[in-house]
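Along the sequence shown, residues are numbered consecutively beginning with 1.
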Amino acid sequence: MDIYRNMKMNKPLKTALIAICLPFVGIQTNAKDIEVRNGNIVLDFSTKISQQTSAGKYTIKRSTGKFSEYKTIGNTSSTTFVDKKPKGNPHDYYYQIMDSKGELLASISMDTEIFGDYVYIYSDTDRKEDVGNEINAIHEQMFGKEFSPNRYALLFKAGDYKEAGLLKVPFYVHLAGLGKTPFDVEVSNIHTPPHLSNGNGTCTFWRSTENLSVIGPETYDEEETFKWAVSQAAPIRRIYSQRIVRNQWENGWVSGGFTADCYFEAAAGSKNQQQWYTRNSFLNKGRGKFEEIKYNYCFQGVELGPEADTNTYQNNWDKGGNVTFIPTTPIIREKPFLFIGDDGRYKVFRPALKHEHKGISYSRTDIGEGETLDLLNEFYVVKPGTSAEYMNKQLAAGKHLLITPGMYELSEPLHVTRPNTIILGIGWATLIPGEKNSDTAILVEDVDGVTIASLMFDAHYTSNTLIQVGIEKTTQRHIDNPILLADLFFRIGGFRPAKVHVDRAVELNSNDVIGDHFWIWRADHGVRGSVGWEVNTTRNGLVVNGDYVTIYGLFNEHFQEYQTYWAGEHGRTYFYQCETPYDAPSQEHYMSENGTRAGYAAYKVADHVNTHKAFAFGIYDVLHHEIMIENSIEVPDKIGIRMYHMCNNTLSGGGAKGFNYILNGIRKSTYNTRHDYRAYIDEFIGKK
């Protein structure tokens, strides 16, 4: 896979990039291209040049970064070399092997040895122009490749990268700093250009940025703004920005999005975003001049600066508004992340559990409360080619997993049996239940403190679920050490032309689970032959059987029965975005309650449930045919049921399509109305 084949760049840079991105082999062997032995760095480049002329003398060059200055450190006629004079941190070293004519044969680094070929790590000593060129060359290659198999993590060691210029982030790219805090890495600006016309960002999915600072002028000039103009599955976490954050591209329509643990010095907002969820962040100037005129904006645990218009950050649905403001977050653990410790080694930081949390989790000089784990000592780093069986052996041996960019077809579920296990993806690592694995991609036993984060799940074959937490419902609690599921994104259909069935994408049976940002998507578009009512079939996006489950930022769309079915007690949902299945063929084919009720509710709380609470719901109808859905939400009419701030909007074009009522036969909704009609309920409190 030569992703650089058609890129426009100077020949030396292209040669270096190709060398660095040679396919990685031997994942599960002990063979290493580079390793530290007794304080020396030992190179073995025999596999790197096996397909080339190997006779002759080789020159070895060394630098402290991928694009730093390389200096000759020795010569050899062997395909091994021992660097006996390394100074400083061996993890910083990059080597080039040159032939007798001065041509580059191979590049080797500790970083690539650890993480594989699709994690690009930049150093402050690198030529910043080359850093920017490489990142934007990846954008050029990946632009519009909505169903590409390629994935990348682009990571920055502590330093100033502003001279790299504007960085563009396409599909399946994770852009992140490796410092303890966002302030340790500075970039100039970030954009997410949409591939649809007229600034339409409704398909600007599957990309992320984390743990860095965006430094530049505070201006509303569009090209100078930090344009994170995205829709679903595009989290922005742990970011500091001096620039104005614009969640929109020109005047285009957008359907986003998710922000958490960010510090925005300047304004942050949009005009035409359909909805947005912001959690535990600092908004120094609020939304500034942005109007945010659409349907559903939720701010939870957010602190406002002195220049923010606090009057616009108040609950206003009783007046027909669209803002939900929740002062604190009742229980949360921020997502773990990769960083470099004071000893120069790679670490994973697992933030502390917080109750009634408000604001960000770090300061300018402090990583925040939590636990630091050494990557090489405590994790197994998974690279493409690693089998599910081998990953399970590592889990059983007590290792955590860091899964690097790639698509992993799993012959068996990854089975988590040990408390406090972490499975963390980087670079949009994607898990696929294999053809003979009809169970799930990840099965978590009912144990304390498990964290599953930053992963995509793709259904290429038939399976019961894509992730299952808890074998069955039990009375066991995890109140002091809950399970965290963060930035998990699920896709059924779209990627490959074949029929596929998943019964229910996400099943939560354990108690005290925290969900922090899901997009659960039965594809409404994709490659030819991958989408259709009888092609990509799934009953439910999310089924919750466990008690005391709390979910923040739930996006769940297009499923064929109840999108969300909640059967556990004491459940809480903070922000919900949902669209109907576009392709229900007729009213006859889309009936619930044993064929007696028109359509399926987008959010169904089971009749036996006594206590449930939810906030900030935007549920939209998009229907190709004339179909009525009786209620967008159905809940028991009991004293313990409390629902706040719910709206419907018709995107179907109006007429004999849409929701008859918003909730339980209350408030006429979008059926027989006009396009872009919004109906809402301020609150529902059960009475029986």
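A distance of 12.0 Å separates CG in Asn556 from CZ in Arg522, rounded to the nearest 0.5 Å. One finds the CZ atom of Phe559 at 9.0 Å from the CD atom of Glu557 (value rounded to the nearest 0.5 Å). Taking CD1 of Ile452 as the reference point, atom CG of Asp487 lies at 13.0 Å (rounded to 0.5 Å). Here the OG1 atom belonging to Thr670 is positioned 9.0 Å from the CG atom belonging to Leu651, to the nearest 0.5 angstrom. Between the CD1 atom of Ile326 and the OG1 atom of Thr324 there is a distance of 6.0 Å, given to the nearest 0.5 Å. Put simply, CD on Gln232 and SG on Cys203 are 8.5 Å apart, with the number rounded to the nearest 0.5 Å.
Tyr277 pairs with exactly one of Tyr574, Phe615, Phe575 by the ring pair (Phe, Tyr, Trp, His ring centres under 6.0 Å) rule, that one being Phe575. Tested against Lys335, the residues Leu424, Leu485, Asp261 include a single side chain to side chain contact (heavy atoms under 4.5 Å, CB included) partner, Leu424.
Salt bridge present: Lys294 and Asp676 bring a charged side-chain N and a carboxylate O closer than 4.0 Å. Using a 4.0 Å cut-off between charged side-chain N and carboxylate O, Lys157 and Asp111 make a salt bridge. With salt bridges taken as basic N to acidic carboxylate O contacts below 4.0 Å, one links Arg243 and Glu224. Glu334 has a carboxylate O that lies under 4.0 Å from a charged side-chain N of Arg279, or vice versa, which qualifies the two as a salt bridge. Of the charged side-chain nitrogens involved, at least one lies within less than 4.0 Å of a carboxylate oxygen, so that Arg237 and Asp516 count as a salt-bridged pair. In summary, Glu210 and Arg238 do not engage in a salt bridge, as defined by a charged side-chain N under 4.0 Å from a carboxylate O. Classification of Glu303 and Lys358 as a salt-bridged pair fails, no side-chain N sitting under 4.0 Å from a carboxylate O. Salt bridge absent: Glu265 and Lys285 never bring a charged side-chain N and a carboxylate O closer than 4.0 Å.
Across all non-hydrogen atoms, the minimal contact from Gly201 to Pro194 is CA-CB, 4.0 Å. Closest approach of Gly65 to Ser123, counting heavy atoms only: CA-CB, 4.0 Å. Lys180 approaches Ile367 most closely through the heavy-atom pair O-CG1, 3.2 Å. For Gln248 against Ser270, the heavy-atom pair with the smallest separation is OE1-CB, 3.6 Å. Here the shortest heavy-atom pairing between Gly132 and Leu167 reads CA-CD2, 4.1 Å. Here the shortest heavy-atom pairing between Ile619 and Ala602 reads CG2-CB, 3.6 Å.
A cation-pi contact, defined as under 6.0 Å to the ring centre and within 45° of the axis, links Arg678 to Trp317. Both the sub-6.0 Å distance and the 45° axial angle are satisfied by Arg287 relative to the ring of Tyr313. Annotation: cation-pi pair Arg207/Trp228 absent, no NZ/CZ under 6.0 Å from the ring centroid and within 45° of its normal.
More than 12 heavy-atom neighbours from other residues, nucleotides or ligands sit within 6.0 angstrom of CG on Asp221. Around CG of Asn198, the count of heavy atoms belonging to other residues, nucleotides or ligands within 6.0 Å does not exceed 12. The local environment of CD in Glu222 is crowded, with over 12 non-hydrogen atoms from other residues, nucleotides or ligands closer than 6.0 Å.
Among pairs with a residue in residues 159-171, those fulfilling salt bridge (charged side-chain N to carboxylate O under 4.0 Å, His left out) read Asp160-Lys162, Lys162-Glu186, at least two apart in sequence or across chains.
By the 4.5 Å heavy-atom criterion applied to side chains, Leu402 and Ile426 are counted as neighbours. Annotation: side chain of Gln275 is in contact with side chain of Tyr620 (closest heavy-atom distance under 4.5 Å). Within the 4.5 Å cutoff, side-chain heavy atoms of Tyr94 are placed close to those of Ile121. Looking only at side-chain heavy atoms (C-beta outward), Phe299 and Asn280 stay at 4.5 Å or farther from each other. Looking at Asp130 and Glu134, their side chains never come closer than 4.5 Å, going by heavy atoms from C-beta outward. The side-chain heavy atoms of Phe555 and Ile520, taken from C-beta on, include no pair separated by under 4.5 Å. Looking at Ile190 and Leu175, their side chains come closer than 4.5 Å, going by heavy atoms from C-beta outward. Leu431 is listed as a side-chain neighbour of Ile403, based on a closest heavy-atom distance under 4.5 Å.
Classified by interplanar angle (parallel below 30°, tilted 30° to 60°, perpendicular above 60°), the ring pair Tyr172/Trp428 is perpendicular. Using bins of under 30°, 30° to 60° and over 60° for the plane-to-plane angle, the ring pair Trp519/Phe205 lands in the tilted bin. Ring geometry, Phe349 versus Phe337: the interplanar angle falls from 30° to 60°, so the pair is classed tilted. Ring geometry, Tyr122 versus Tyr120: the interplanar angle exceeds 60°, so the pair is classed perpendicular (tilted spans 30 to 60°).
A donor atom on one side chain and an acceptor atom on the other are not found under 3.5 Å apart for Thr64 and Asp92. Counting only N and O atoms by type, the side chains of Trp276 and Thr259 include a donor and acceptor under 3.5 Å apart.
Side-chain N or O atoms of Ser281 include none that pairs as donor or acceptor with a backbone N or O of Thr278 at under 3.5 Å. In this structure a side-chain-to-backbone donor-acceptor pair under 3.5 Å is missing from Thr430 to Met407. In terms of modelled atom types and a separation under 3.5 Å, the side chain of Gln563 and the main chain of His558 share a donor-acceptor contact. Put simply, the side chain of Tyr346 never gets that close to the backbone of Leu338: no donor and acceptor are under 3.5 Å apart. A donor-acceptor contact shorter than 3.5 Å is absent between the side chain of Lys227 and the backbone of Glu223. Checked by atom type and distance alone, the side chain of Asn200 never pairs as donor or acceptor with a backbone atom of Ser197 at under 3.5 Å. The closest donor-acceptor contact from the side chain of Lys128 to the backbone of Asp126 lies under 3.5 Å. No donor-acceptor pair under 3.5 Å is formed between the side chain of Asp524 and the backbone N or O of Tyr582. Side-chain N or O atoms of Ser109 include one that pairs as donor or acceptor with a backbone N or O of Thr112 at under 3.5 Å. With hydrogens and angles disregarded, a donor-acceptor distance shorter than 3.5 Å links the side chain of Asn211 to the backbone of Gly177.
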Practice task
For ring-ring contact (aromatic ring centres under 6.0 Å, His included), just list the numbers for Phe325 and Tyr297, CA-CA rounded to whole Å, side-chain angles, deciding distance to a tenth of an Å, and then say yes or no.
Solution key: CA-CA 9 Å; Phe325 192 85; Tyr297 304 93; over 10 Å; no
Handout entry: Intermediate values then yes/no, ring-ring contact (aromatic ring centres under 6.0 Å, His included), Tyr603 and Tyr576
Key = CA-CA 9 Å; Tyr603 192 91; Tyr576 186 60; 5.1 Å; yes
Exercise for the section: Run the numbers on Phe147 and Phe495 for ring-ring contact (aromatic ring centres under 6.0 Å, His included), then give the verdict. Expected result: CA-CA 6 Å; Phe147 298 97; Phe495 184 81; 7.1 Å; no
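Between His191 and Trp249, the distance separating the two ring centers is shorter than 6.0 angstrom. You'll find the ring centres of Phe258 and His517 inside the 6.0 Å limit.
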